[in-house]
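Some notes on the structure that comes next.
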Amino acid sequence: MPTRVEISALREHIGSTVAVTGWVLTTRSSGKIAFVVVRDGSGYVQGVLARADVPPAVWERFATLTQETTVRLAGEVRADARSPGGVELAVRDLEVLGPSRDFPITPKEHGTAFLMEHRHLWLRSRRQVAIMKVRHEIIQGIRDFFHQRGFFLVDTPILTGSIGESGGSLFETEYFDLGKAYLAQTGQLYVEAACAALGKVYCFGPTFRAEKSKTRRHLTEFWMVEPEVAFATSDDNMRLQEDFVTSLVARVLDRRAEELKELERDTAKLASIVAPFPRLSYTEAVALLRAQGSAIEWGQDLGAEDETRIAEARDRPVFVYNYPRGAKAFYMKENPDDPRTVLCDDCLAPEGYGEIIGGSQREDDYDRLAARIREQGLPEDAYGWYLDLRKYGTFVHSGFGLGLERTVAWICGLQHIREAIAFPRMLYRLNP
RNA sequence: UCCCGAGUAGCUCAGUCGGUAGAGCAGCCGGCUGUUAACCGGCGGGUCGGGGGUUCGAGUCCCUCCUCGGGAGCCA
């Protein structure tokens with residue numbers, strides 16, 4: 001029995017007889033010659049069967065192959081320019097490992113509702129495989145980036161008491177005799193605590209927002225990476241962000257060119273993502289928008305249309321920094337040069353992909369932070385431990401959160417964020 | 001929550017002026033030695049989202065409910 005080889009390694013076995021196991025994508029037959037394309041996760045390969053060269057039993061078995069049948073093919077690896085990928089398998093033996101009847105996703109078009117209903121099977125399509133490989137690369141890039149820069153990974157809790165950025169959008173659950181627990185919508189407050197212990201830290205995990213958002217940029221469950229750096233200012237923070245984002249884009253361009261091609265991504269638009277990113281203060285942004293005819297007033301948060309307008313004029317992400325305090329979270333540090341604003345930034349991705357990062361320098365003054373908590377009507381006792389961080393050796397520190405799926409959607413050029421995660425959780429989607 | 005839009009064959013859709021339902025793909029049968037979403041011929045396939053109404057007659061017009069999609073707000 002020939003040795004089993006992964007499809008991605010076939011190129012190294014030209015001339016020898018090997019076996020491949022995987023799932024059937026398509027079959028085609030011309031009576032005396034037949035083709036079968038197989039996927040094994042590492043890649044795709046076309047098997048060719050000539051009726052004259054295989055035993056009749058093997059030829060008849062080929063006729064039973066349907067979409068997504070699990071097969072084992074054995075034969076000689078050869079280079080052939082006519083074959084997709086340039087390498088093909090001259091099949092001599094074929095074994096059905098698992099039959100597949102009436103696979104719902106045919107090689108024709110389908111609507112998104114149908115595809116989402118069959119997400120567990122949709123994942124097998126070439127496009128979805130490519131997206132998941134890019135997502136994997138980005139995740140690995142995130143971990144490597146921070147590891148190489150001396151950050152420590154700290155895992156923050158998913159079940160929390162009543163603490164978070166804001167009250168309204170938390171998923172609730174019962175927690176034994178302790179009352180209500182909430183699914184974390186950020187790890188930030190915890191990562192700030194860890195920051196005082198380890199200096200440079202990050203958390204990376206799922207977060208939950210019970211917002212009834214129904215747009216192509218929103219999920220109710222999404223992954224977020226949140227670094228936090230001791231003794232870093234808002235300016236240091238933005239520099240870290242642009243190094244981070246450019247490193248991720250460069251890594252995907254370098255290592256996932258094949259997948260980007262499968263996704264028909266215009267890589268020229270990614271190749272232009274280099275530091276530094278343009279910076280625009282909130283006040284400048286408002287002036288710019290008003291000059292373009294927007295009705296935005298100073299003090300209002302930027303709308304989706306405003307963000308698009310700012311970002312679409314540029315070939316790389318843009319920072320909008322120092323928003324009015326009323327538009328932002330309680331923990332952001334007051335801007336000493338203009339107390340109407342806070343030291344923060346949003347990083348807006350090009351091509352209309354919107355905000356991929358929100359970051360800020362944190363309020364490190366005990367009294368000002370306590371006042372902000374009271375001002376926003378947050379349960380003060382729940383924030384006792386968070387205030388402690390300012391009581392015992394307070395320190396300048398900054399951090400940000402990058403939304404993984406938005407980043408994946410942008411780098412892959414996806415129309416909708418739901419394709420950026422294997423099993424998206426949305427307002428009307430809890431299954432599969 | 002609000003504003004648009006869509007529900008017809010397994011899938012994607014067409015269906016004119018209100019007159020008993022149609023195509024492509026998928027499936028099945030047959031043909032073809034280099035196919036790339038192969039191609040060619042044939043066959044089977046319908047609670048027109050649910051309910052109510054108008055009408056001699058409703059996929060089509062009206063009311064209502066349901067489901068889904070897109071967008072806004074909010075955010076990553």
Side-chain angles (χ1 to χ4, degrees), chain A residues 25-37 44 46-54 59 63-64 66-67 80-86 88 90 101-118 121-122 125-127 164-169 185-188 204 206-226 241 245 300-308 323 327-329 345-349 353-359 400-410 415-418 420-421 426-429:
Chain A
L25 271 84
T26 53
T27 59
R28 284 180 287 277
S29 168
S30 304
K32 289 175 184 162
I33 187 166
F35 304 91
V36 54
V37 177
Y44 304 89
Q46 173 171 277
V48 185
L49 290 85
R51 188 173 193 170
D53 299 340
V54 296
W59 183 258
T64 71
T66 51
Q67 224 188 323
D80 191 315
R82 289 171 298 185
S83 185
E88 66 181 18
R101 284 284 152 216
D102 300 320
F103 190 70
I105 301 173
T106 63
K108 276 280 177 179
E109 307 158 20
H110 298 281
T112 48
F114 177 82
L115 290 169
M116 286 308 311
E117 212 53 58
H118 297 85
L121 303 176
W122 186 22
S125 74
R126 296 182 78 111
R127 176 180 165 83
E165 293 186 23
S166 58
S169 55
Q185 52 177 202
T186 172
Q188 185 206 309
F204 189 12
T207 52
F208 307 88
R209 305 273 166 102
E211 296 285 345
K212 294 197 169 178
S213 299
K214 258 188 73 159
T215 82
R216 72 180 87 177
R217 299 184 307 282
H218 287 88
L219 295 167
T220 54
E221 176 181 316
F222 66 94
W223 284 64
M224 184 157 66
V225 54
E226 295 175 280
Q241 289 165 44
V245 170
Q300 291 175 344
D301 203 357
L302 268 43
E305 205 178 309
D306 299 322
E307 286 187 356
T308 304
Y323 282 69
K328 289 290 174 184
D345 70 272
D346 284 354
C347 180
L348 309 178
Y353 282 92
E355 185 182 345
I356 53 170
I357 289 176
F400 64 89
L402 172 131
L404 178 65
E405 287 77 14
R406 284 189 182 176
T407 305
V408 172
W410 165 48
Q415 286 303 303
H416 199 298
I417 196 170
R418 68 185 150 215
I421 186 167
M426 298 178 292
L427 190 49
Y428 296 122
R429 176 67 54 195

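Throughout, protein chains are lettered first and strands after them, A, B, ... in sequence-line order, and every chain is numbered starting at 1. Below, all heavy atoms of this structure are taken into account, side chains as well, without hydrogens, waters or symmetry copies.
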>> Should the side chain of A:Gln67 and the base of B:G27 be counted as holding a donor-acceptor pair, with the cut-off at 3.5 Å?
In response: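 Absent.
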>> Could you check whether the side chain of A:Arg406 and the base of B:C75 have a donor-acceptor pair of N or O atoms closer than 3.5 Å, going by distance alone?
In response: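 Checked by distance alone, the answer is yes.
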>> As a test of understanding, state which of A:Arg406, A:His416, A:Glu405 forms a side-chain contact (heavy atoms from CB on, under 4.5 Å) with A:Arg217.
In response: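 Of the listed residues A:Arg406, A:His416, A:Glu405, the side-chain contact (heavy atoms from CB on, under 4.5 Å) partner of A:Arg217 is A:Arg406.
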Touch check for [X], heavy atoms < 4.0 angstrom, all strands: base, sugar-phosphate only, or nothing?
X	answer
A:Asp346	nothing
A:Ile357	sugar-phosphate
A:Glu88	base
A:His416	sugar-phosphate
A:Ser83	base
A:Arg217	base
A:Gln46	base
A:Leu402	nothing
A:Gly354	nothing
A:Ser30	base
A:Ala34	nothing
A:Thr66	nothing

Measuring to OP1 and OP2 of [N], would you say a side-chain N or O of [X] lies under 4.0 angstrom away?
X	N	value
A:Arg101	B:C28	yes
A:Arg418	B:G70	yes
A:Arg209	B:G73	no

Return the polar atom pairs (N/O with N/O) between nucleotides 1-4 of chain B and the protein under 3.5 Å, or none.
unit_1	atom_1	unit_2	atom_2	d
B:U1	O4	A:Lys212	O	3.4

Please give me the minimum heavy-atom distance between [X] and [Y], naming the atom from each residue.
X	Y	answer
A:Ile105	A:Leu121	CD1-C, 3.8 Å
A:Met426	A:Thr220	N-OG1, 3.7 Å
A:Val48	A:Glu88	CG2-OE1, 3.3 Å
A:Ala409	A:Tyr353	O-CE2, 3.5 Å

>> Nearest to the side chain of A:Arg28, heavy atoms from C-beta on, is which of B:A26, B:U33, B:U35?
In response: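 For the A:Arg28 side chain, the nearest candidate turns out to be B:U35.
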> Considering only side-chain heavy atoms of A:Asp80, which listed nucleotide, B:G34, B:G71, B:U33, is closest?
Replying inline: B:G34
Euclidean distance, atom [atom1] of residue [X] to atom [atom2] of [N] [Å, nearest integer]:
X	N	atom1	atom2	result
A:Glu307	B:A72	CD	P	10 Å
A:Lys32	B:U35	NZ	C1'	16 Å
A:Lys328	B:C75	NZ	C1'	8 Å
A:Arg216	B:A76	CZ	C1'	17 Å
A:Glu211	B:A76	CD	C1'	12 Å
A:Phe103	B:A26	CZ	C1'	13 Å
A:Met426	B:U67	CE	C1'	15 Å
A:Tyr323	B:C74	OH	C1'	14 Å

For atom [atom1], what is the distance between [N] and [M], given to the nearest Å?
N	M	atom1	answer
B:G57	B:C3	P	36 Å
B:A37	B:A26	C1'	12 Å
B:G15	B:A23	P	15 Å
B:A21	B:A58	C1'	13 Å
B:C65	B:G24	C1'	34 Å
B:G30	B:G69	P	42 Å
B:G45	B:G51	C1'	28 Å
B:C61	B:U55	C1'	10 Å

> Rounded to the nearest 0.5 Å, how far apart are CG of A:Asp301 and CG of A:Asp306?
Replying inline: 9.0 Å
> Looking just at side-chain N and O atoms, do A:Ser169 and A:Gln185 make a donor-acceptor pair shorter than 3.5 Å?
Replying inline: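 Looking only at side-chain atoms, A:Gln185 and A:Ser169 do form a donor-acceptor pair, the distance falling under 3.5 Å.
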>> Under a plain distance cut-off of 3.5 Å, with no hydrogens placed, do A:Glu221 and A:Thr207 share a side-chain donor-acceptor pair?
In response: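 There is no such pair (donor and acceptor under 3.5 Å, judged by atom type) between the side chains of A:Thr207 and A:Glu221.
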>> Check the orientation of A:His118 and A:Phe114. Use parallel for under 30°, tilted for 30 to 60°, and perpendicular for over 60°.
In response: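 Tilted, since the angle between the ring planes falls between 30° and 60°.
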Results of side-chain hydrogen bond (donor to acceptor under 3.5 Å, both in side chains) for [X] - residues two or more places apart only:
X	result
A:Asp345	A:Gln241
A:Arg429	A:Glu117
A:Asp53	none

> Going by 5.5 Å between centroids and 30° between planes, is there a stack of A:Phe222 over B:A76?
Replying inline: yes
Which protein N or O atoms sit under 3.5 Å from an N or O of nucleotides 12-15 of chain B?
unit_1	atom_1	unit_2	atom_2	d
B:U12	OP1	A:Gly111	N	3.0
B:U12	O4'	A:Glu109	O	3.4
B:U12	O2'	A:Glu109	OE1	3.3

> Once Watson-Crick and G-U wobble pairs under 3.5 Å are found, how is RNA chain B written in dot-bracket notation, 5' to 3', with | for any base paired to another strand?
Replying inline: (((((((..((((.....[..)))).(((((.......))))).....(((((..]....))))))))))))....
> When the nearest nucleotide of RNA chain B is assigned to A:His218 and to A:Tyr428 on a heavy-atom basis, which residue is associated with the more 5' position?
Replying inline: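 The answer here is A:Tyr428.
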>> Which is more 5' along RNA chain B, the nucleotide nearest A:Ala81 or the one nearest A:Gly358? Just name the residue.
In response: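 On the 5' side of the pair lies A:Ala81.
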> Any donor and acceptor pair, going by atom type alone, linking the side chain of A:Ser125 with main-chain N or O of A:Trp122 inside 3.5 Å?
Replying inline: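 Looks like yes, one N/O pair under 3.5 Å.
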>> For A:Thr215, is there any backbone N or O sitting under 3.5 Å from a side-chain donor or acceptor partner on A:Ser213?
In response: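 Between the backbone of A:Thr215 and the side chain of A:Ser213 there is no qualifying donor-acceptor contact (under 3.5 Å).
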> In terms of heavy-atom contacts, does CD of A:Glu305 have more than 12 from other residues, nucleotides or ligands at under 6.0 Å?
Replying inline: no
> side-chain contact (heavy atoms from CB on, under 4.5 Å) between A:Phe222 and A:Ile417: does it pass, once the steps are laid out?
Replying inline: CA-CA 10 Å; A:Phe222 66 94; A:Ile417 196 170; 5.9 Å; no
